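Lettering of chains follows the sequences in order, A, B, ..., and the numbering in each one begins at 1. Just so you know, these numbers come straight off a predicted model, no measurement behind them.
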2 protein chains.
Amino acid sequence: MSAVARDAAAATAGEGRLAIVCGGGSLPFAFADAAAKRGRRNVLFALRGWADAAAVERYPHHWIALGQFGRFRRLLATEGCSDVVWLGTLVRPSIGMIRLDWTTMRLLPRIVRALRGGDDHLLSGIAAIFADHGIRLVAAHEVAPELLVPAGTLGARRPSETDQADIARGTALLGAIGRFDVGQAVVVAHGHVLAVEGVEGTDLMLARVAELRANGRLLAAPGAGVLVKAPKPEQDRRFDLPAIGVATVEAAAKAGLAGIAVTAGATLIAEPDKLVAAADQAGLFVVGVPEPGRLTP
Amino acid sequence: MSAVARDAAAATAGEGRLAIVCGGGSLPFAFADAAAKRGRRNVLFALRGWADAAAVERYPHHWIALGQFGRFRRLLATEGCSDVVWLGTLVRPSIGMIRLDWTTMRLLPRIVRALRGGDDHLLSGIAAIFADHGIRLVAAHEVAPELLVPAGTLGARRPSETDQADIARGTALLGAIGRFDVGQAVVVAHGHVLAVEGVEGTDLMLARVAELRANGRLLAAPGAGVLVKAPKPEQDRRFDLPAIGVATVEAAAKAGLAGIAVTAGATLIAEPDKLVAAADQAGLFVVGVPEPGRLTP
């Protein structure tokens with residue numbers, strides 16, 4: 001039995017029900033299916049405003065709002081959950097999507113301190129708050145390692161030499177900025193850095209590249225350039241591994257890119273079959289590459 | 001006489017007419033005025049599609065299109081210009097704004113090679129092409145050092161301790177990414193990197209921060225965060241020093257920032273009085289800080 005399989009077995013064996021905090025996208029559902037297939041019973045805590053309501057209905061679930069930590073804790077106790085997996089996107093939260101209950105209010109000063117320090121601090125801050133309340137934050141890939149992108153090419157198309165040089169440059173750039181707790185993705189075309197992800201997220205960054213192209217501001221022809229995505233070096237991997245899905249492929253295709261390179265073993269993929277089909281149809285490559293820190297820049 | 005004043009005198013003494021290639025913004029006109037005040041006669045080569053037509057009419061000028069290098073060379077000879085200063089923004093070029101003459105066509109392979117390597121290569125590539133044709137590219141600040149941002153605070157408002165920490169973080173980040181030939185600006189608020197400039201330019205990056213704020217995605221209250229702008233370490237300073245103007249202040253104010261930090265002695269400023277007035281009115285600080293490479297990150 002491999003180390004990964006053994007870890008997965010340990011994470012599923014003799015455990016209570018698993019709580020899945022469910023943000024946007026298809027990843028939480030792919031994970032719920034994978035966990036169930038491994039015999040791990042689970043219940044969704046669907047985040048109002050982000051979780052896909054139609055998909056949520058097909059699973060045992062509770063709706064919660066961001067800020068209802070008290071309600072969340074009570075429901076976890078009712079359901080007999082001590083382990084929580086947090087999955088899915090949380091882009092574009094607006095004040096109206098937050099409902100502060102009393103427990104959360106009292107935690108606010110601590111949350112605000114974490115927020116000020118950037119994403120990494122926020123996530124490890126929340127993980128620490130969870131731990132104080134006896135809630136164990138578990139990484140999705142500990143339960144279902146099959147959701148991790150493997151090393152090598154996923155679909156029919158392979159990166160060219162130019163693409164590989166772009167991947168190396170993007171990977172080196174992500175390595176250099178990792179300690180600044182900035183975004184996890186860049187777009188590089190013919191050695192030229194077109195875009196760096198900030199708080200706007202990967203999808204909006206790709207939309208920006210598509211817009212630059214539509215405005216004639218990119219001289220590289222369509223079919224050039226790579227989206228390179230990697231976890232931040234000090235990121236809490238229980239909480240916030242980068243993820244790709246069909247939507248990422250579609251956004252990369254709209255941006256006229258040649259393909260997508262993500263960190264093998266540290267990137268989650270929802271619905272790999274659909275993603276590969278979409279990439280093949282769009283003529284994009286998708287490849288798992290070594291982690292930035294493990295390369296010489 | 002200071003070294004800077006001596007250099008400026010040397011750059012003006014015994015020289016022919018100065019050609020000013022005039023992109024967008026007010027900087028080319030501020031420079032033409034400054035050069036004239038120093039007794040250096042000049043003529044504008046206004047780039048069709050970028051140069052402000054109303055302002056151009058007030059100066060001796062020729063209109064040229066990007067791609068008319070043959071016409072440009074002939075006009076330089078007619079006007080007796082051997083020195084060229086290139087100033088102003090060239091954002092959003094579209095194919096329709098380019099008119100390729102025969103001389104430029106023959107140079108295209110060389111230009112395309114330069115383009116593929118990113119901005120720095122493009123600029124040094126163009127400088128090399130100019131040199132081959134006996135055209136000397138001169139830095140605006142060699143002729144008119146008074147257009148450089150000095151060290152220290154420019155207006156009434158000063159950066160707070162939080163702002164200074166944000167400036168240090170932004171400066172360190174720019175130092176770390178400089179060798180990747182990526183954008184020259186970042187936005188940092190409370191230690192959190194909000195945005196990194198790619199090929200979209202500073203104004204669009206600030207517009208993005210304004211939009212994130214409007215969408216409720218930034219938790220820092222308005223009046224927090226700094227635009228930090230610096231030259232790239234290997235940038236050709238004859239050609240492409242970063243510049244700020246009233247528009248930069250307005251965009252930073254719309255993005256809800258506390259202020260702007262630029263590299264002292266390596267940033268051009270058009271109309272400093274108007275910029276300071278705009279900053280004071282908006283309650284923003286503007287400060288000249290040491291160069292990224294000269295700080296420990």
Side-chain angles (χ1 to χ4, degrees), chain A residues 90-98 111-122 162 165 169-170 172-183 186-201 204-205 207-209 211-220 224 297, chain B residues 90-98 111-122 162 165 169-170 172-183 186-201 204-205 207-209 211-220 224 297:
Chain A
L90 282 188
V91 291
R92 294 183 180 274
S94 72
I95 297 301
M97 289 159 87
I98 298 173
I111 295 170
V112 168
R113 273 199 305 280
L115 277 172
R116 290 206 166 151
D119 274 352
D120 283 356
H121 292 107
L122 171 64
T162 307
R169 192 161 175 82
L173 174 53
L174 288 171
I177 66 177
R179 69 191 171 91
F180 292 97
D181 191 16
V182 66
V186 296
V187 176
V188 183
H190 293 307
H192 192 174
V193 179
L194 302 185
V196 180
E197 183 181 325
V199 292
E200 76 277 12
L204 284 184
M205 178 187 65
R208 178 158 89 242
V209 174
E211 201 188 326
L212 288 167
R213 195 181 283 285
N215 291 340
R217 286 192 59 195
L218 302 183
L219 286 129
Chain B
L90 283 188
V91 290
R92 292 181 181 276
S94 72
I95 298 299
M97 290 160 87
I98 298 174
I111 295 169
V112 168
R113 273 200 305 279
L115 277 171
R116 289 206 167 149
D119 275 352
D120 283 355
H121 292 107
L122 172 63
T162 306
R169 193 161 176 81
L173 174 53
L174 288 172
I177 65 177
R179 69 191 171 91
F180 293 96
D181 190 16
V182 68
V186 296
V187 176
V188 183
H190 293 307
H192 192 174
V193 179
L194 302 185
V196 181
E197 183 181 325
V199 293
E200 75 277 12
L204 284 183
M205 179 188 65
R208 179 158 87 241
V209 174
E211 200 187 326
L212 288 167
R213 195 180 283 288
N215 291 341
R217 288 192 58 194
L218 302 183
L219 286 131

Turns out that what part of B/Leu212 lies under 4.5 Å from chain A's heavy atoms comes down to side chain

Can you name the closest pair of heavy atoms from B/Val193 and A/Phe180 and give their distance? CG2-O, 3.7 Å

List the steps and the verdict of side chain to side chain contact (heavy atoms under 4.5 Å, CB included) for A/Val199 and B/His192. CA-CA 9 Å; A/Val199 292; B/His192 192 174; 3.6 Å; yes

Once you round to the nearest 0.5 Å, how far does CD of A/Glu200 lie from CG of B/Asn215? 12.0 Å

Quick check for you: among A/Val188, A/Val182, A/Val187, which has the greatest number of heavy-atom pairs under 4.5 Å with chain B? A/Val182

Is any side-chain heavy atom of A/Arg169 closer than 4.5 Å to a side-chain heavy atom of B/Asp181? yes

